[in-house]
Engineer: 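Below is a structure I'd like to ask you about.
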Amino acid sequence: MIIRKISLAVSVFFSITGFAQDVVKTDTEIKPEVKISYLDSVKNSFVKNDLAIRVDSLWMNELTSLDIYDDLCKDIQTINKDVTIDQELPTELLKQRLQVMNEKSPFEIEYNQGLENIIKSFLKNRKKSFSRLMALSEYYFPIFEDAFAKQNVPLEIKYLAVVESALNPKAVSKMGATGLWQFMYGTGKQYDLKIDSYIDERSDPLKATAAASEYMTKMFNVFGDWELVLASYNSGPGNVTKAIRRSGGKTKYWDIRNYLPKETQGYVPAFLATMYLFEFHKEHGINPQRAVVKNFETDTIRIKEKMSFKQIADLLDMPQSQLELLNPSYKLKVVPYYQNEEHFLRLPKNKIATFVNNEDKIYAYVKHDSNIYKMPSRLAQKLTPKIKTKSIKVPEPLDLESYIVQKGDNLSSIAEKYDVAVADIKQWNNLKNNAVVVGKSLKIKPKDLISKTAQEVIKKPTETAVASAEISNKNEIEVEYVVKNGDNLGNIAKKFGVTLSELKEWNSLTSNNLALGKTLVVSKKENTVVETTTTVVASNSIDSFKKKAAAAKSIGEDYYVKKGDSLYSISKKYPGVTISDIKKWNGIKDEDIKPGMKLKING
């Protein structure tokens with residue numbers, strides 16, 4: 001018994017000693033150092049603002065989408081006022097409503113069969129578009145009304161911007177008219193709108209609206225009739241004057257309408273039909289979509305250094321698309337800095353506070369980021385050591401999947417459903433615009449069926465360099481993101497410019513469910529080539545690179561054109577190959593290629 005107790009005591013002693021050693025070992029382990037970028041270190045030092053803004057990424061998409069503009073432009077140019085539309089709207093009821101509009105408007109709104117047909121056409125084909133337009137109007141209409149009130153212009157003219165641009169400041173017509181009010185280059189210059197390589201104030205809502213208001217006032221002083229002012233805005237005052245002469249001196253729009261250009265004949269009725277739908281949208285079951293951003297919730301700040309939208313979006317943690325919405329006059333997504341000229345940036349008010357409180361740090365980061373020169377990709381390909389690749393081609397299904405268009409569908413929703421691009425659907429179905437008809441069969445190629453190319457990369461160590469430049473071959477860098485409250489795969493994908501499929505693949509996800517605090521891989525960055533101030537002695541001359549490039553291009557390969565291919569898409573499959581190369585190697589004069597055609601690559 002005594003021996004047994006002694007043995008038990010000894011075993012307990014050694015167990016405690018071993019446990020103590022494990023604890024000491026654990027405590028002395030050195031945790032790996034976590035490196036953070038300069039951008040993150042700057043943002044971590046920001047004075048935080050308690051207010052936060054939530055931007056609905058889907059609604060931001062609506063603001064920058066041009067599909068409504070394309071559809072409305074087509075309607076106005078091709079609409080037939082003489083075709084009767086089968087739509088439930090009694091003529092007597094329409095007359096009563098038009099009379100109500102006429103009584104409180106300086107426009108002479110009269111019933112006629114052509115106007116009824118256009119209103120019914122919009123109700124039948126464009127109800128969903130007007131629901132979206134009414135959401136946009138919550139942002140733009142207060143700007144318009146303020147400018148028009150200053151010039152004593154009828155506030156109803158605000159509906160003209162719907163007809164002109166579908167409330168899209170980035171809209172550009174086939175003739176080059178630009179912005180919400182569709183100013184031509186010469187007209188924009190005439191009204192002192194700045195247009196240069198960086199800025200186009202025809203897209204600035206405030207300045208372009210002030211110019212439009214000034215134009216309307218001048219034209220009313222000439223014609224004394226607001227319908228004729230609208231007609232002159234569309235076709236020019238010269239055409240209106242000719243129509244007055246040809247009509248025998250009549251001065252009312254409805255009297256000279258048949259003497260105006262064809263597009264202008266449908267222009268004013270389209271304006272009146274738009275006004276009607278906005279005024280009586282509830283009666284027709286048109287429910288405006290919600291607007292997340294309101295103009296009064298924004299303000300401007302003067303910029304003291306040249307900076308890009310990407311730099312601003314990264315620093316302020318806001319979508320770049322929101323910056324584009326609020327600052328559409330900056331053509332290159334860059335706020336320039338000229339001597340003796342001031343440039344302003346419009347931001348949500350809570351972001352203004354963050355910017356002002358951390359201005360020095362922001363400009364320091366912008367200066368640091370701008371000093372990092374990134375070599376153009378084509379030059380980088382020429383200078384980077386060549387990599388041998390072996391392609392394994394996976395057979396591509398020949399048949400496309402069919403989809404029948406349902407009520408309420410549009411190209412955007414169908415593309416989102418199949419996780420493909422709108423442009424691809426249009427190409428597969430030879431569509432010239434975004435209009436789709438209920439019941440129409442569309443050919444769709446689901447994204448998971450699109451052919452992929454697996455590559456085996458064999459790297460060859462080569463000493464290659466160029467004077468005053470250092471080629472940095474980095475491994476693929478993964479960018480991680482921690483899931484926050486309110487996040488879902490959709491908004492995370494849009495925030496980082498990737499697809500749902502990529503997010504799922506990178507993170508081995510089988511469903512769309514996410515847990516708070518989960519770390520996701522949201523980007524896999526490619527190699528970058530960065531210029532350094534250190535002079536590097538080249539072991540091989542530039543001529544050697546040219547010889548290697550020539551040797552690489554001497555390796556021939558045949559490519560058989562598939563359905564849906566273009567010279568651009570084919571060139572993308574072969575790094576360093578351009579459309580011009582393919583044309584030269586195959587004696588092609590234009591870009592007309594057909595399925596089954598054999599093309600020589602690297603000739």
Side-chain angles (χ1 to χ4, degrees), residues 65-102 105 107 109-137 156 158-168 171 173 182 227 230-231 234-235 253-254 257-258 260-289 405-411 431-440:
S65 172
L66 286 170
D67 60 335
I68 306 181
Y69 169 71
D70 294 334
D71 292 342
L72 285 182
C73 283
K74 182 181 177 183
D75 274 357
I76 293 167
Q77 292 171 4
T78 61
I79 201 164
N80 190 341
K81 62 184 183 300
D82 300 321
V83 175
T84 302
I85 305 295
D86 183 19
Q87 182 71 18
E88 189 176 340
L89 176 59
T91 300
E92 286 304 315
L93 178 60
L94 176 60
K95 287 181 178 179
Q96 293 173 16
R97 291 175 177 174
L98 291 177
Q99 181 59 32
V100 171
M101 289 169 55
N102 184 61
S105 168
F107 291 90
I109 304 173
E110 301 176 359
Y111 168 84
N112 61 69
Q113 186 62 48
L115 179 57
E116 179 179 346
N117 292 341
I118 293 176
I119 289 174
K120 287 184 174 180
S121 175
F122 280 177
L123 281 171
K124 184 175 182 178
N125 303 313
R126 296 284 168 247
K127 282 183 73 171
K128 191 169 183 180
S129 295
F130 274 89
S131 174
R132 293 161 62 187
L133 287 166
M134 286 172 192
L136 304 182
S137 71
E156 290 86 351
K158 65 189 178 186
Y159 299 119
L160 188 64
V162 177
V163 177
E164 284 286 346
S165 64
L167 297 179
N168 193 314
S173 74
Q182 292 289 282
E227 281 84 1
L230 296 182
N234 178 251
S235 62
Y253 170 79
W254 298 103
R257 179 181 172 195
N258 292 331
L260 290 166
K262 186 177 179 180
E263 182 182 338
T264 310
Q265 292 180 26
Y267 182 77
V268 174
F271 164 78
L272 296 175
T274 300
M275 187 191 306
Y276 172 84
L277 290 182
F278 269 80
E279 292 289 332
F280 294 97
H281 65 90
K282 292 181 181 178
E283 288 77 359
H284 290 289
I286 300 176
N287 300 313
Q289 294 183 6
V405 178
Q406 308 295 320
K407 185 176 181 181
D409 277 344
N410 57 48
L411 283 188
L431 300 178
K432 295 182 179 179
N433 55 52
N434 292 339
V436 289
V437 180
V438 174
K440 179 178 175 63

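Just so you know, residue 1 is the first one in the sequence shown, and it goes up from there.
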Engineer: For A273 versus I118, what's the shortest heavy-atom pair and its separation?
Structural biologist: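 Nearest pair, atom of A273 first, then I118: CB-CG2, 3.8 Å.
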Engineer: Minimum heavy-atom separation for I109 and M275, please, with both atom names.
Structural biologist: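 Closest approach of I109 to M275, heavy atoms only: CD1-SD, 4.1 Å.
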Engineer: Counting distance only, does the side-chain N/O of S121 pair as donor-acceptor with the main-chain N or O of N117 below 3.5 Å?
Structural biologist: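 Side chain of S121 to backbone of N117, a donor-acceptor pair under 3.5 Å: no, none is there.
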Engineer: Shortest non-hydrogen contact from N410 to V436?
Structural biologist: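 Distance-wise, the nearest heavy atoms are CA-CG2, 4.1 Å.
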Engineer: Quick one: CG on L272 to CD on E156, what's the gap to the nearest 0.5 Å?
Structural biologist: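 Here the interatomic distance stands at 10.5 Å.
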Engineer: Does the side chain of I119 reach to within under 4.5 Å of the side chain of R97, using non-hydrogen atoms?
Structural biologist: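 Counting from C-beta outward, I119 and R97 never come under 4.5 Å.
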Engineer: Ignoring hydrogens and geometry, is there a side-chain-to-backbone donor-acceptor pair from K127 to H284 under 3.5 Å?
Structural biologist: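 Checked: pair present.
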Engineer: Under 6.0 Å between ring centres, would you say that holds for F271 and F107?
Structural biologist: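 They qualify: ring centres under 6.0 Å apart.
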Engineer: Show your working on side chain to side chain contact (heavy atoms under 4.5 Å, CB included) between L431 and L411 and close with a plain yes or no.
Structural biologist: CA-CA 11 Å; L431 300 178; L411 283 188; 4.2 Å; yes
Engineer: How far apart are the closest heavy atoms of L260 and Y253, and which atoms are they?
Structural biologist: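 Looks like CD1-CE1, 3.6 Å.
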Engineer: Distance-only, no hydrogens or angles: does the S131 side chain make a donor-acceptor pair with backbone N or O of N287 under 3.5 Å?
Structural biologist: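 Pair found, side chain donor or acceptor close to backbone of N287.
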Engineer: Within this structure, what is the CG-CG distance for the pair L160 and N234, rounded to the nearest 0.5 Å?
Structural biologist: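 Interatomic distance, L160 CG to N234 CG, rounded to 0.5 Å: 8.5 Å.
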Engineer: Over all heavy atoms of both residues, which pair between F122 and A270 is shortest? Give the atoms and the distance, please.
Structural biologist: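 Looking at all heavy atoms of both residues, the closest pair is CE1-O, 4.0 Å.
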Engineer: Quick check on K440: does its NZ atom have over 12 non-hydrogen neighbours (other residues, nucleotides or ligands) under 6.0 Å away?
Structural biologist: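 No, NZ of K440 has 12 or fewer neighbouring heavy atoms, counting only those of other groups under 6.0 Å.
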Engineer: Applying side chain to side chain donor-acceptor pair (under 3.5 Å), can you list everything that pairs with E116, at least two apart in sequence or on another chain?
Structural biologist: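 Side chain to side chain donor-acceptor pair (under 3.5 Å) check on E116 returns T91, Y111, K120.
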Engineer: In chain order, what residues pass the salt bridge (Lys or Arg N to Asp or Glu O under 4.0 Å) check against E279, with sequence neighbours excluded?
Structural biologist: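 If we apply the salt bridge (Lys or Arg N to Asp or Glu O under 4.0 Å) test to E279, skipping adjacent residues, the hits are K104.
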Engineer: Considering non-hydrogen atoms only, spot the tightest contact between Q182 and A171 and give its length.
Structural biologist: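 Heavy-atom minimum between the residues: NE2-O, 3.1 Å.
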Engineer: Return the orientation label for the F130 and F278 ring planes: parallel under 30°, perpendicular over 60°, tilted otherwise.
Structural biologist: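 Rings of F130 and F278: perpendicular, as their planes differ by over 60°.
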Engineer: Would you say L133 and Y159 make side-chain contact, with heavy atoms under 4.5 Å?
Structural biologist: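 Not in contact.
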Engineer: What residue among M101, K95, Q96 forms side-chain contact (heavy atoms from CB on, under 4.5 Å) with L98?
Structural biologist: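 In the set M101, K95, Q96, the residue that makes a side-chain contact (heavy atoms from CB on, under 4.5 Å) with L98 is M101.
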